[in-house]
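Basis for what follows: all heavy atoms, side chains included, without hydrogens, waters or symmetry-related copies. For ligands, and for the atoms within them, numbers begin at 1 and follow the listed sequence. FYI, the numbering just counts along the sequence from 1.
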Amino acid sequence: MNNDRFLRALRCEPVDCTPVWLMRQAGRYLPEYRATRAQAGSFMALCTNPELACEVTLQPLRRFALDAAILFSDILTIPDAMGLGLHFADGEGPKFRTPVRTAADVARLGVPDPEGELRYVMDAVRTIRRELAGRVPLIGFAGSPWTLACYMVQGEGSSNFALPKAMLWNEPALMHQLLDTVARSVAAYLAAQAAAGAQALMVFDTWGGLLAPAQFTEFSLRYLGQIAGSLKADATTRDIPLILFSKGANGHLPGLAATGCDALGVDWTLDLSSARALVGDRIALQGNLDPAALHAAPEAIRREVARVLASHGPGPGHVFNLGHGITPDVKPEHVAALVDAVHELSRR
Ligand code: 1CP
């Protein structure tokens with residue numbers, strides 16, 4: 001590996017400077033992404049074509065000195081492979097043709113074969129690894145069971161996910177049955193991505209923060225623990241660093257750390273110094289610049305980068321990232337300012 005500072009930081013080993021990558025680093029803020037997506041015809045056509053998925057994965061690495069690549073795909077590939085009929089209406093978010101609402105709907109769900117229905121994702125991982133040729137490590141990912149259940153039950157994106165929340169109070173056993181099937185699917189999917197060549201794995205629990213503390217523990221944390229336990233019990237995935245990111249759930253960092261994961265994503269509402277105090281020195285932290293800071297002028301971005309670096313301090317175990325994904329209206333020059341500032345200001 002030519003540049004392994006990302007993997008070293010995840011293992012809390014010393015680094016020459018702080019590694020940086022950005023959630024949603026491939027995406028609509030890049031004109032070359034919009035061109036490749038137009039060529040593919042649709043977002044799902046882009047995801048299911050390993051050559052084009054590889055192309056958009058590499059695009060941000062050509063522009064910026066990023067220390068990791070992330071597989072270009074989506075968290076909703078698993079429910080799609082379960083037969084829910086994912087589609088993206090133009091200019092709108094994801095939608096499912098057959099959402100999961102009843103006991104019969106849950107009973108029908110099977111665990112997808114990662115090298116069967118999801119083979120296109122594994123082919124993309126293999127293609128990207130080959131094309132990266134060891135330049136930087138490749139991150140594989142999946143959605144958390146709770147976050148996937150939110151979309152599966154609601155049938156589309158939402159600000160409050162009223163339907164899955166009603167299900168967890170009205171029919172907790174049914175929600176647990178759904179979460180268990182999804183957790184087993186996520187664990188198999190992540191293990192297959194590692195076997196195909198992913199060198200770190202990340203679970204996005206984007207909607208964990210919608211839950212009150214008791215519900216978070218019962219319906220999100222428990223299944224993140226199931227996934228971490230499964231990956232850490234298997235000799236082929238035990239040594240692949242696992243990053244968990246529950247957005248809006250920073251109060252649960254100690255519980256998340258106790259799952260046995262290697263690193264935790266932190267959103268921008270908590271200082272990294274406070275996050276470090278909560279989890280101790282064994283675990284790496286990933287974050288946590290407010291993505292809106294990318295709208296500020298490059299000098300202001302540089303000051304904010306310095307503040308985030310100082311908040312963690314020079315000790316081992318920090319991967320610089322945003323506290324959530326880049327938005328489509330960000331100027332690519334501002335991303336360059338961020339990436340360069342991280343490396344310059346953290347040089348040991
Ligand atoms: O081109 C387009 O119009 C599609 C926009 C888009 C993109 C670029 C979607 C649809 N997904 C993606 C890629 C994607 N999604 C990646 C690629 C790798 C990278 O980071 O560069 C990743 C990691 C995801 C993960 C994802 N998808 C999450 C978790 C992370 C997060 O941002 O919180 C979630 C919640 C989704 C669902 C989803 N897929 C797409 C959209 C627009 C959404 C959000 C829907 C909503 O509003 O609820």
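At least one heavy atom of H324 sits less than 4.0 Å from an atom of ligand 1. Under a 4.0 angstrom heavy-atom cut-off, G93 registers as lying outside contact with ligand 1. Residue contacts with ligand 1 include S73, since one or more of its heavy atoms lies under 4.0 Å from the ligand.
Not a single donor-acceptor pair under 3.5 Å links the side chain of R5 to the backbone N or O of A9. In terms of modelled atom types and a separation under 3.5 Å, the side chain of D123 and the main chain of Y120 share no donor-acceptor contact. With hydrogens and angles ignored, the 3.5 Å screen pairs no side-chain donor or acceptor of S158 with any backbone N or O of Q154.
Nearest protein neighbour of atom 22 (C) of ligand 1, counting heavy atoms only, is F141 CZ, 3.6 Å. Among all non-hydrogen protein atoms, the one lying nearest atom 11 (N) of ligand 1 is D74 OD1, 2.7 Å. In this structure, the protein non-hydrogen atom closest to atom 7 (C) of ligand 1 is F43 CE1, 3.5 Å. In this structure, the protein non-hydrogen atom closest to atom 46 (C) of ligand 1 is Y151 OH, 3.4 Å. Taking atom 8 (C) of ligand 1 as the reference point, the nearest protein heavy-atom neighbour is Y33 OH, 3.6 Å. Nearest to atom 2 (C) of ligand 1 among the protein's heavy atoms is R37 NE, 3.0 Å.
Using the six-membered ring where Trp is involved, F43 and F88 have ring planes that are perpendicular, over 60° apart on the 30 and 60° scheme. Using the six-membered ring where Trp is involved, F216 and H252 have ring planes that are parallel, under 30° apart on the 30 and 60° scheme.
When each atom of ligand 1 is checked for a heavy atom of P94 under 4.0 Å away, the hits are 45 (C). Atoms of ligand 1 lying under 4.0 Å from any heavy atom of Q25, numbered from 1 in the order shown and given with element: 19 (C), 20 (O), 21 (O). Interface of F88 with ligand 1, defined as ligand atoms under 4.0 Å from a residue heavy atom, comprises 10 (C), 40 (C). Near G157, meaning under 4.0 Å from any of its heavy atoms, are these atoms of ligand 1: 48 (O). Those atoms of ligand 1 with a heavy atom of F204 less than 4.0 angstrom away are 23 (C), 29 (C), 30 (C). Atom numbering of ligand 1 starts at 1 in the shown order; those under 4.0 Å from a heavy atom of T206 are 29 (C), 30 (C), 31 (C), 33 (O), 35 (C). Annotation for ligand 1: atoms under 4.0 Å from non-hydrogen atoms of A26 are 21 (O).
There is no side-chain donor-acceptor pair under 3.5 Å between R97 and H87. For the 3.5 Å distance criterion, the side chains of H176 and E218 qualify, holding a donor opposite an acceptor. Looking at D267 and N288, their side chains never bring a donor and an acceptor atom within 3.5 Å of each other. A donor atom on one side chain and an acceptor atom on the other are found under 3.5 Å apart for Y189 and T77. Between the side chains of D67 and H343, a donor-acceptor pair is found at a separation under 3.5 Å.
Closest heavy-atom approach to atom 19 (C) of ligand 1 among the candidates M23, R28, R24: R24. The option from I75, L71, L22 that lies nearest to atom 25 (C) of ligand 1, judged by heavy atoms, is I75.
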| message | Working note: E55 + R62, criterion salt bridge (charged side-chain N to carboxylate O under 4.0 Å, His left out); need CA distance, chi angles, decisive distance, verdict. | response | CA-CA 10 Å; E55 165 59 22; R62 295 190 190 115; 3.0 Å; yes
